Amino acid sequence: MQPDFNLTGKLVVIVAAMFGFGYLLVPMYDVFCELTGLNGKTTQTAVEVTESVTDRRVAVEFMATVNQNAPWEFRPSVSKMLVQPGKLYDTTFFAKNRTEQALIGQAVPSVAPGQAAKHFQKTECFCFTEQKFDPLEGRDMPVRFILDPELPAHIETVTLSYTFFARQQLVAETSVIGN
Amino acid sequence: MSHTADAHHDHHAAPSGFKRWLFATNHKDIGTMYLVFALVMFFVGGTMAMIIRAELFQPGLQFVDPGFFNQMTTMHALMMIFGGVMPAFVGLANWMVPLMVGAPDMALPRMNNWSFWLLPVAFSLLLSTLFFAGGAPAGGWTMYPPLVLQTGNAFPFLIFSVHLMGMSSIMGAINIVVTIMNMRAPGMGLLKMPLFVWTWLITAYLLILAMPVLAGAVTMLLTDEYFGTSFFNAGGGGDPLMFQHVFWFFGHPEVYIMILPAFGIVSQIIPTFARKPLFGYESMVYATASIAFLSFIVWAHHMFTVGMPLSGQLFFMFSTMLIAVPTGVKVFNWMATMWRGSMTFETPMLFAVAFVFLFSIGGFSGLMLGITPADFQYHDTYFVVAHFHYVLVPGAIFGIMGGVYFWMPKWTGHMYNEKLAKIHFWLSAIFVNVTFFPQHFVGLAGMPRRIPDYATQFADFNMVSSIGAFVFGVSQLLFVYIIWSCVRGGEKATTAVWEGSHGLEWTVPSPAPHHTFEVAPEVP
Amino acid sequence: MRERFRRIFQGAVYGPLFFLLGVSTAYADWELNMTRGVTPISHDTFDLHMIIFWVCVAIAVVVFGVIIYSLYAFRLSRGAQPDIAMVHSTKAEIIWTLIPIGILVAMAIPAAETLIKIEDTRAPDVTIKVTSYQWKWHYEYLGDANDPFVKSNFGFFSNISPESNRARQLGSGIDVFQVDNYLRDVDKSVVVPVNRKVRLLLTSNDVLHAWWVPELGGKRDTIPGFVNEMWFLAEEIGVYRGQCAELCGRDHGFMPIVVEVQSEADFAKWVGENGGAVGGGPAETPDVVEGTVAAAATGGGAGSAEPVDMELSFDDLMARGETAYLTNCSACHQLNGQGLAPAFPALAGGVITTGALDAHLDQVLNGKAGTAMAPFSYLSNTDIAAIVTYERNAWGNSTGDIIQPSDVQAAR
């Protein structure tokens, strides 16, 4: 009839493990996203590819968004391209710092539909690193991409969207709004 | 932990005054404190609900500004879930589980004390934010980023109070599991335990598995806000949606944490007043366990509209619909228990019968919400508000009220005022429907939830709903009066209290003495 | 008021009855059921909703029927004797496990079929990028020379209409029943062609929102940093109204969505009037288009077409400024200019609004980095001139300054 501290101890271990599991969900989620294309996340590192051109034509749309009204101009140089899966293409996005201070930003890619995400491969992208801009500097930033020929046949249009985020510190300061 | 190893039950007279409560280790005292605390929070959260319904009485903004309205909806949910329903269930478990399994007390009485006293601290922290310059949290009880990161000074208080509530629940749950697994009287086999004990055992495991995940999720929010991590910030490589996944991984088991003990209470009450054993006891246990298991694989049905792969939508739709099966088994078993019984309708039975009807309505709307394409229309509308209030108010809260009326004579030694209690029941049962049934209609007609003001085509049903809410709210004062007068006096309760009562808790005198089952009872 | 109570009484009596009969009532205000909508998906969704509803009703009739009969027949006061031996029946338990499973599988099949249709965003005729802001929507029509309707990008913000916005202020004293489409009206609607597939690409500037017009079927969240897709094909010309459906902060209830479905000809005309190139011969530079400029769109409202050298009187500027302020500024700085401490400073007696004019104009045009103050350079010169004039002369700010559109142009 005395309490069993063995069981209590086990339960405490389970609690600690579940707390850890909460954190484990983070990398699990990333793997899950990669497998399923949830959210249209693409890989954030350059891939090695070899071209193997197919006859298919797929439309690629480009979209640019600035987060939290950050003081950037940001737009795709070309709004739409007709591409052949398996072939490398280059395009650029134009960004301009509209302030008289140096700014650092990070572009975050997202692809719609989500299943296309893992087939949208980039060998070069301004989104791989943070981008620093001098006051009032504007420049074209390159993306080199290839659509994997494995892209599911029912996909006819792929949208590549970049959202430009000001560096975190700036975001943190803007955060007290709205309640 | 070792210092609690010598925890024993003091045989000297119980300390009097505030020390009796502050240093309480007796399961009955702690149970009472939990129940009183839950009742206070029920009224605090209820007052917020009244403010919400007053503002929604008519279109246009009459009383509060939209920011304050959002604080009210957020705080109402936090108060009711973490302050009202969960502590009330823990309070009932504290009182009744040792009595039902023939144990002298909870297994870990000092931790029991601690887990209770964390709650007033947590809620004082949370309620204090109402007086801050930026106001209380207003991003919804679901705390979705990025919105919740705009909370302002109340933010760390929100996170810290959720941590404390979580710790309290986890400790309470550990205590209950250890009590049930180790403190049962000889002969009280697992499959002889009353169903309330069974449902609480499963609930406690759910708490142990789910609450730490919530703690992890809100900790990530905290470090995102103050320590430069980017779990949920897309700009830093994170994803705001991941919070929803982690949150609902906790959140859906949480839904069952708030209903399984009510299933248990109803499964005690109905056989008592039908004078007939519970039908399908074992299938009830298995159904409860299946619901608990399924609750961990359905979370994404709360977030169908975020855009997920087709395969994900199909999986979560099917798994969600599956939950209807064990839930249906429970309802059918209650139905079969009443069939060929010999029923009387004292207040606990009235609440239990209303529970079966009205919870089923909440279950039906839940089934509808599980159909993903239809959910794209229902999601985040008043249809959802109607759904979860049907499972929580005439579900969880009617379960608690039924339990309180059922066991109060055992706690106080007096019968409550049956006539007033029946009035309380009928007012509650009628006006809970007046309040929440029309919300199905406005939701289907397109009124989103969490809005302080609405288009004029929703005006009439909202007025009906508000009138229902006001009467329901005022009726609950009667509940307090009935409890108060039952504590003060009344007809003496017998040991068995009810004609059809069955179980160890009905073998101790009424009121239950401070110490019970110091010698393990014989289990028949 | 009495009239409303009478109608409420009627509704309370007839409402549930009509609902159970599945009949839609004659009272528009007593709308009981989901809209059938005007798109194939909304029709499918409605049908699924009705099937599952009737399934639930059927189960309820059986289960509740048995319980109600028991409550009547098996009561002590009628001398019922409990059948204590009745504790278990494997047969019954298997039956009431299998029947629900069968029903659920039967339900899941049509639901899955509809889901597959919903996910098929292929071959749209019009693509619109929807960006949510606290608390307004931005629409950008994406076009190129090969598109059937929209040959170049153009976009605009869509705010709650000034009439609704005035009436919804706390204690406004305005009878909201007299406001047309209260809270469901905007200053500029989205226009789409009838019987054409419209695809939306949804993202957000700040927090989560959700785009929802019930008649067009379903909603979709907008998520900062990510792009979501949905589509609809409206089969009837008309105006369809909805609103944001995901809690997005203080003014969540005040960001309506209005979609006007027009004939193809009317739509083409509307596109032309709003800055998008339409129809005609082959465009010279099909792929290279203006694109978005920062948070704003290229095309402004009608105001941007106004000549820069226009001179307005103080009273005209103040009147226009009041409305433009209401639409663009009042969500944060409040209609009375008092702001909301601590995030949104008061403009009444504010340092900027009563200080140097250049700094004021600069802040409105370019925003203030590191704060919630967004750049409003996408507004027309006239609107900005009116807003700045208004801010410098309202609520006891009596600088007496008059700002003309040409001043704004010079400051750009």
Side-chain angles (χ1 to χ4, degrees), chain B residues 59-61 65-67 133-134 140 144 146-147 234 240-241 275-277 279-280 283 305-307 310 313-314 317-318 321 324-325 328-329 331-332 335 338-344 364 367-368 371-374 376-377 379-380 441 444-446 448 450-453 455-457 460 463-464, chain C residues 7-8 11-12 29 31-34 45 48-49 52 56 66-67 70 74-76 80-84 86-88 93 96-97 100-101 104 108 111-112 114-115 118-119 168 170 176-177 182-184 207-208 210 214 218-221 223-225 228 245-247 249-253 341-342:
Chain B
L61 289 179
D65 79 274
Y144 285 178
L147 182 65
L241 279 194
R275 291 167 181 76
K276 180 166 165 277
F279 185 87
S283 69
T305 60
V306 300
L310 183 63
Q313 297 183 34
L314 291 172
M317 177 171 75
F318 294 141
M321 291 165 81
V325 176
V329 167
V331 174
F332 294 134
M335 181 180 84
M338 289 187 247
W339 186 259
R340 292 166 72 184
S342 174
M343 283 187 275
T344 51
F364 289 137
L367 187 57
M368 295 169 77
I371 308 287
T372 311
F376 289 148
Q377 290 282 26
H379 182 81
D380 262 335
F441 301 141
L444 291 175
R450 291 168 164 171
I451 56 174
D453 191 4
T456 51
Q457 68 264 34
D460 295 330
M463 193 179 271
V464 173
Chain C
R7 286 196 294 139
I8 283 168
D29 283 2
E31 186 59 57
L32 296 168
N33 205 351
M34 184 192 281
T45 305
L48 280 172
H49 159 71
I52 188 75
C56 289
V66 173
I67 296 178
S70 309
F74 304 116
R75 47 205 299 159
L76 185 65
Q81 289 298 313
D83 180 358
I84 297 174
M86 181 191 154
V87 289
H88 178 67
E93 280 161 20
W96 65 48
T97 306
I101 290 178
L104 295 180
T114 305
L115 266 186
I118 289 173
E119 292 300 315
R168 66 97 175 175
L170 181 59
V176 298
F177 289 95
Y182 176 59
L183 299 186
R184 290 266 169 127
V207 301
L208 307 174
K219 57 180 77 67
R220 208 33 72 103
D221 292 358
I223 301 156
N228 243 333
E246 172 71 53
L247 180 64
R250 181 184 165 84
D251 280 355
H252 164 53

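Keep in mind that this is a model prediction, so the values were computed, not measured. Lettering follows sequence order; numbering is per chain, from 1.
The minimum heavy-atom distance between C:E93 and B:G280, with the atom names listed, is OE2-CA, 3.4 Å. Looking at every heavy atom in both residues, C:S70 comes nearest to B:W339 through OG-CE3, 3.4 Å. Heavy-atom minimum distance, C:H88 versus B:F279: N-CE1, 3.5 Å. Of all non-hydrogen atoms in C:P224 and B:P240, the two that sit nearest each other are O-CG, 4.2 Å. Residues C:D251 and B:P66 approach most closely at OD1-CG, 4.0 Å, considering heavy atoms. Taking all atoms of both residues into account, the shortest heavy-atom contact from C:L183 to B:A455 is CD1-N, 4.1 Å.
Of the atoms belonging to B:P452, it is side-chain heavy atoms, and not backbone ones, that fall under 4.5 Å from chain C. Within the 4.5 angstrom heavy-atom criterion, atoms from both the backbone and the side chain of B:F332 approach chain C. For a residue to count as touching a neighbouring chain, one of its non-hydrogen atoms must lie under 4.5 Å from one of that chain's; by this rule B:M317 touches chain C with the side chain only. Proximity to chain B involves both the backbone and the side chain of C:L76, based on heavy atoms less than 4.5 angstrom apart. Only the side chain of C:R184 comes within less than 4.5 Å of a heavy atom in chain B; its backbone stays farther off. Heavy atoms closer than 4.5 Å to chain C are found in the side chain of B:Y144, but not in its backbone. Using a 4.5 Å cut-off between heavy atoms, C:L247 contacts chain B through both its backbone and its side chain. Looking at C:A112, the atoms closer than 4.5 Å to chain B (heavy atoms on both sides) sit in the backbone and in the side chain alike.
Heavy-atom pairs under 4.5 Å with chain B peak, among C:A210, C:P100, C:A108, at C:A108. Ranked by non-hydrogen atom pairs under 4.5 Å with chain C, the options B:P448, B:S283, B:A234, B:P373 are led by B:P373. When each of B:Q377, B:M321, B:R450 is checked for heavy-atom pairs under 4.5 Å with chain C, B:Q377 comes out on top. Ranked by heavy-atom pairs shorter than 4.5 Å toward chain B, the options C:V66, C:I52, C:L170, C:T45 are led by C:L170. Contact count versus chain B (heavy atoms, under 4.5 Å) is highest, among C:G225, C:G218, C:G253, for C:G218.
Remark: the backbone N or O of B:G307 is not paired with any side-chain donor or acceptor of C:D221 at under 3.5 angstrom. At distances below 3.5 Å, not a single donor-acceptor pair connects side-chain atoms of B:S342 with backbone N or O atoms of C:Q81.
Inter-residue side-chain proximity for C:I118 and B:F376 is flagged as met; some heavy-atom pair is nearer than 4.5 Å. Looking at C:F74 and B:M338, their side chains never come closer than 4.5 Å, going by heavy atoms from C-beta outward. Under the 4.5 Å side-chain criterion, counting only non-hydrogen atoms from C-beta, C:T97 is in contact with B:V325. The shortest distance between side-chain heavy atoms of B:L310 and C:L115 falls below 4.5 Å. Residues B:L444 and C:H49 have side chains in contact (heavy-atom distance under 4.5 Å, counting atoms from C-beta outward). You'll find the side chain of C:T114 stays beyond 4.5 Å of the side chain of B:I371, heavy atoms only.
B:T344 is linked by a side chain to side chain donor-acceptor pair (under 3.5 Å) to B:R275, B:E346, counting only residues two or more places apart in sequence or in another chain. The side chain to side chain donor-acceptor pair (under 3.5 Å) check on C:E246 picks up nothing, with sequence neighbours excluded.
Taking NZ from C:K219 and NE2 from B:H379, the interatomic distance works out to 6.5 Å, rounded to the nearest 0.5 Å. To the nearest 0.5 angstrom, B:D380 atom CG is 6.5 Å from C:H252 atom NE2.
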